[in-house]
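Have a look at the structure below, then the notes.
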Amino acid sequence: MPELPEVETIARNLREGNSQVPSVMGMRVTGAEVFWTRTIAQPDSKAFVTLVRGQEIRGVSRRAKYLVFELSEDYMLVHLRMSGDLILCPAGESCANHVRMRLQLDRDWQLDFNNPRKFGRVWLLEDPADLFSSLGPEPFDPTLTPEGFFASLSRRKRQIKPLLLDQGFIAGMGNIYTDEALNLAKIHPLTRADELDQEQADLLLESIRRVLNDGIRRNGASIDWVYQGGDFQNYFRVYQRTGEPCPDCGTPVERIVVGQRGTHLCPQCQTLG
DNA sequence: CACGAGACCTGTTCGC
DNA sequence: TGCGAACAGGTCTCGT
């Protein structure tokens, strides 16, 4: 589930609460359990448990696809990777089947890191800067202008889809929103980045922002068993819609493989120059 | 630098 | 029904 809109939704729900759960702001960590040791990337899991205890949650935000917990002493960063989710669950209850790490909180809540495929990771750091140093700009950063975006594209010879998935080029895009944005912008995923003109770059940046915004507005996308919450999956244009009509021209959507990722496109709208 | 393949993991779905 | 293959929202590392 976790691309920018899903991570943003999780951060917002934890920060602000919703009809089901309260905000975690001001809650204190009274203990931690690690059920899959490799979940903790830094420090080691034993040190993590010791260090995190007693810290108060003072902020929850997002950078790229990382959840950023500002604690009283450190920052806790969580990357959900392919199948992770964070669930605020009443203390002592079982809200998920694959919990790899749990923070016990006061006020009778616990924060469960559910993660069936065990790819997700957690860091506890004094300063998150090193983790973030190689990340590209946030898509909504106002200093990311159409002109600057075009200039960045012009310097790259990679295919546009793998480039958009590269978190060092632009942060937060994943397989869903990349396919959606490229279809909206009518750009073939194999197009070389330096072959796009200014007009296409403008449209691509606008499309990226539009699909991400739509995703956020719908609380993200919920595909299959991994995640419940959003309903953006009902508004996909091409992602996992192989054989269904392109929303613009009606041509059946095709599936190809690009960089080992399933890729969905309209062969009529998105052609190679 | 660009690219492809393989790793890391478990669960679901599809085809025979 | 059963069983293996294919596939899944991500990222890292290695070889060419």
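Letters A, B, ... are given to chains in the order of the sequence lines, protein chains preceding strands, and every chain is numbered from 1.
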Taking NZ, NE, NH1 and NH2 as the nitrogens, is one of them in [X] or [Y] under 4.0 Å from a carboxylate oxygen of the other?
X	Y	answer
A:D44	A:K46	no
A:E8	A:R62	yes
A:D179	A:K161	yes

Output the single nucleotide from [options] whose closest atom is nearest the side chain of [X].
X	options	result
A:R100	C:dC7, B:dT10, C:dG9	B:dT10
A:R156	B:dA2, B:dC9, C:dT11	B:dA2
A:Q260	C:dA8, C:dG9, B:dG6	B:dG6
A:K157	B:dA2, B:dC8, C:dT11	B:dA2
A:W36	C:dG10, C:dA8, B:dC9	B:dC9
A:Q167	C:dT11, B:dC3, B:dC9	C:dT11
A:R81	B:dG6, C:dT11, C:dA8	C:dT11
A:Q159	C:dA8, C:dT11, B:dC3	B:dC3

Test item: A:N219 side-chain N/O and A:G229 main-chain N/O as donor-acceptor pair under 3.5 Å
no
Using the [atom1] atoms only, state how far [M] lies from [N], rounded to an integer number of Å.
N	M	atom1	result
B:dC9	C:dT13	P	15 Å
C:dC3	B:dC8	C1'	24 Å
C:dG9	B:dC14	P	15 Å
B:dG6	C:dA5	P	15 Å

Would you check, one step at a time, whether the test side chain to side chain donor-acceptor pair (under 3.5 Å) holds for A:R100 with A:N115?
CA-CA 6 Å; A:R100 311 301 184 192; A:N115 191 204; 5.4 Å; no
Does the ring of A:F35 carry A:R102 above it, NZ/CZ under 6.0 angstrom from centre and within 45° of its axis?
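No.
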Check the angle between the aromatic planes of A:F232 and A:Y235 and answer parallel, tilted or perpendicular using the 30° and 60° thresholds.
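Taking A:Y235 first and then A:F232, their aromatic rings lie parallel (interplane angle under 30°).
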Can you list the residues that meet the side chain to side chain contact (heavy atoms under 4.5 Å, CB included) rule with A:P116, with sequence neighbours excluded?
A:S83, A:H98, A:N114, A:W225
Watson-Crick or G-U stems of DNA chain B, 3 or more pairs, under 3.5 Å, by first number:
B:2-8 with C:10-16, B:10-16 with C:2-8
Ring centres of A:F132 and A:Y66 under 6.0 Å apart?
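Yes: the rings meet the under 6.0 Å criterion.
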Proximity to DNA chain C (any heavy atom under 4.0 Å), residues of residues 114-140 of chain A only
A:R117, A:F119
Categorize A:Y239 for me: base, sugar-phosphate, or nothing, with a 4.0 angstrom heavy-atom threshold over every strand shown.
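Sugar-phosphate contact only - A:Y239 comes under 4.0 Å of backbone atoms but never of a base.
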